[in-house]
Amino acid sequence: MAESTAERSGEKRVLLLSDFSIEPLRRFLETHGTALPLKAVCAPYGQVRQPLLHTDTDLWQPKPDACVVWTQLESISPAFRGLLEGESVSHEHLLADVREFAEQIAAAADATRLMLVPLWTLPPWRRGTGLGDLQRSGGCRRALLEANLLLCEVLEEASNAFAMDTQRWTQLAGHRAYDSRMRFIAKVPFGNDVFRAAAEDIRAALAGVSGMAKKLVVVDLDDTLWGGVVGDTGWRNLTLGGHDALGEAYAAFQRALKALTRRGVLLAILSKNQEDIALEAIDRHPEMLLRKNDFAGWRINWNDKAENLVDLVDELNLGMDAVVFVDDNPVERARIRDALPEVLTVELPKSPMAYAETIQALPCFDLPSLTQEDRARTTSYAATRARTELRRQVPDRERWLSSLDTRCTVATLSKADLPRAAQLLNKTNQMNLTTRRMPEQALWDWSEDAGHAVFTFRVQDRFGDAGLTGLLALANVGETAVVTDFVLSCRVMGRRIEEAMLATAVQVAQGWATPRLCLNYEATERNGPCLEMLANSRLAPGEDTRFTWETGKPFPCPECVAVQWREEEA
Amino acid sequence: MIPKRSEIYSLVSAWLSDFAQSASIPLAEDTVLVGDTGLLDSMGLLTFLLDVEQRIEERFGASVVLVTEDALAREPNPFTTVGSLADHVAACLQAESGG
């Protein structure tokens, strides 16, 4: 299928369905923020159910990257409208209205990559029955809570549908959250700042599913991770934890960073210090919540921080656009902003008491779901650091690879592995043959089609389990087995897993009795490493960037990788 | 202290450029805000006016209401051009200060 202009330019398409005039959201989505160009399209005013029930219309073409369904509960549920007007209504009728609508949204979710549904709210002047408003009999806010909960539950049945927290947006907007003039003049129930906050969250959601979420937070030490200058005062005199307001603030900041690591975000240190003194503080200070193993890497020296950051990010095999930089020193922040504009440099507030909330409020880490691999990422990078240390001790690369005792477990794609497999497919840029992106359900449906096969690769070595880090998809096309996806996480790149995957692909082709295996490389800005790997492999280069293997002979699997097949799960 | 009309005009122009993402379009006193030849559609104008109210409060600590039934119905309309909007903002600030 031919790519549209929008697809080529990376522009995301957002469809807006609402029972109020949602034009301000369209404006803020399109005109604020440059990292992710967006084109937002509003359905005709007031049309919500009709587009949800007819996803084969032009409105849904090309397929939206996100569809936002933002309604008011009184429009969706006659029962709730009655409740607002003081009528006695059946609780069951209210929930039936909600369930019917939520199921319509969930059923339409296949027509978009991401279905986003802001929760229903009521303006603060709606006091309902006062004290009884949170009681089941006649309480409007009680009904609102239950309706929102049911909405969330039904949406969870669709893997790409998510409720969004409208109340947070109204809190951010403060007294400007609701404006009666806009409600009556323009049929807009919210003030501008509510739409601004919504636009920011929608952008973050799109960035998350597009593999653009930030992956690494690089922090300074003195007066950032702790109070004081460790080189001057020694670690015993740092301000951290204890019965001290500032100490508690630094501890809260560390706690916020630790929580990020549980979301799959890596931490690293960039500090102008003497390394042994700084690391001693991290190891020995009793109030430190972050220890050496919480950091994927560090550069602690007196060199330029921009140069150090480039070096560190290169070591971690990440792109600069995946990095968040946190430093209390405005001069260092200015240096990074100037030298590395693609890095998100956080404008830390002057008071350390606001450090934790500043980090927690960042939307750039948002991911739709977390896999086991995400949660264990820091552990995995710590293992990588240990591997690198070993490599320094064992200069010969082959001996080093053999010493890792790498085991690769291949399995047919299962439902249990589907979330991680889809995440890998949609986030991997470097070792990716075609950079084909598809949501979970589409990947599963594709794998189930006749003549298609999808395999996952789990990699372990003596330092740890890297988890599901490889994906291979093949299509049986007559005389040729075509590799449609060849994806490997950068965490295990260059360890000859690539050759083990090629050997597996050849085995699959042999099983299909197709005489040829073919890989058609499709270039993107970032998948050069894949072409380099193919060019250096034993595959025969053909026209353009096509590589083949005659399946009459086996493809040699490297001795340093032990490949085993996992039995299919019932 | 009530800002001078020239300062208000400069601020309104800058806010409008930012809002309409029209940095490349030179704004003038007679730049039309809304309509066929305008920078904004009617919904965009309303959204922008609410932003101007908010920015005035943040900058001058003055709570002004630009969008009123009276202002919307007035002839000539104060929201026709950048210059007429600056005049309207100045008048509202003056009224708010009791001047």
Side-chain angles (χ1 to χ4, degrees), chain A residues 9 11 16-47 70 123 169-200 202-203, chain B residues 11-25 27 31 33-36 38-75 77-80 85 88-89 91-92 95-96:
Chain A
S9 68
E11 184 180 79
L16 306 176
L17 308 182
S18 180
D19 56 8
F20 54 83
S21 181
I22 201 163
E23 179 65 18
L25 178 62
R26 184 201 64 74
R27 173 173 289 277
F28 292 128
L29 277 171
E30 288 192 352
T31 59
H32 289 75
T34 53
L36 191 68
L38 288 181
K39 175 72 183 166
V41 177
C42 300
Y45 173 74
Q47 282 195 17
W70 197 347
W169 304 335
T170 59
Q171 285 172 339
L172 285 168
H175 72 283
R176 295 186 183 275
Y178 299 91
D179 192 306
S180 296
R181 292 170 300 166
M182 286 297 274
R183 186 160 60 93
F184 288 114
I185 296 171
K187 309 296 179 225
V188 179
F190 301 108
N192 289 348
D193 283 355
V194 174
F195 292 113
R196 276 199 183 86
E200 185 179 40
I202 292 165
R203 283 181 170 282
Chain B
L11 286 171
V12 168
S13 297
W15 294 337
L16 181 59
S17 289
D18 180 43
F19 182 83
Q21 304 267 295
S22 61
S24 56
I25 305 169
L27 297 177
T31 299
L33 287 176
V34 71
D36 290 344
L39 284 174
L40 305 167
D41 58 20
S42 55
M43 180 64 81
L45 176 67
L46 275 173
T47 310
F48 173 60
L49 292 174
L50 292 195
D51 262 5
V52 174
E53 290 180 359
Q54 184 171 344
R55 289 187 185 227
I56 287 173
E57 183 173 338
E58 288 163 0
R59 190 171 184 102
F60 301 114
S63 178
V64 297
V65 181
L66 302 176
V67 183
T68 62
E69 287 171 69
D70 172 58
L72 289 170
R74 198 180 308 157
E75 286 294 341
N77 191 282
F79 310 123
T80 309
L85 175 59
H88 183 55
V89 171
C92 289
E96 204 271 338

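Since we're looking at a predicted model, the values are computed, not measured. Proteins get letters first, then strands, A, B, ... in listed order; numbering begins at 1 in each.
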Interatomic distance, Thr47(B) atom OG1 to Phe195(A) atom CZ [nearest 0.5 angstrom]
8.0 Å
Please determine if Arg196(A) and Asp51(B) form a salt bridge, counting it only when a charged side-chain N lies under 4.0 Å from a carboxylate O.
yes
Rounded to the nearest 0.5 Å, how far does CD1 of Ile185(A) lie from CD of Glu69(B)?
7.5 Å
Can you tell if the side chain of Met182(A) reaches within under 4.5 Å of the side chain of Val67(B), non-hydrogen atoms only?
no
Measuring from His175(A):NE2 to Ser63(B):OG, what's the distance to the nearest 0.5 Å?
7.0 Å
Which atom pair, heavy atoms only, marks the closest approach of Gly44(B) to Arg27(A)?
CA-NH2, 3.9 Å
What part of Glu53(B) gets within 4.5 angstrom of chain A, counting heavy atoms only: side chain, backbone, both, or neither?
both
With side chain to side chain contact (heavy atoms under 4.5 Å, CB included) as the criterion, how do Leu46(B) and Arg181(A) come out once you've worked through the C-alpha distance, each side chain's angles and the decisive distance to 0.1 Å?
CA-CA 10 Å; Leu46(B) 275 173; Arg181(A) 292 170 300 166; over 6 Å; no
Using side-chain heavy atoms (C-beta onward) and a distance below 4.5 Å, is Glu57(B) in contact with Arg176(A)?
yes
May I ask you to test the Phe19(B)-Thr31(A) pair for a side-chain heavy-atom distance under 4.5 Å?
no
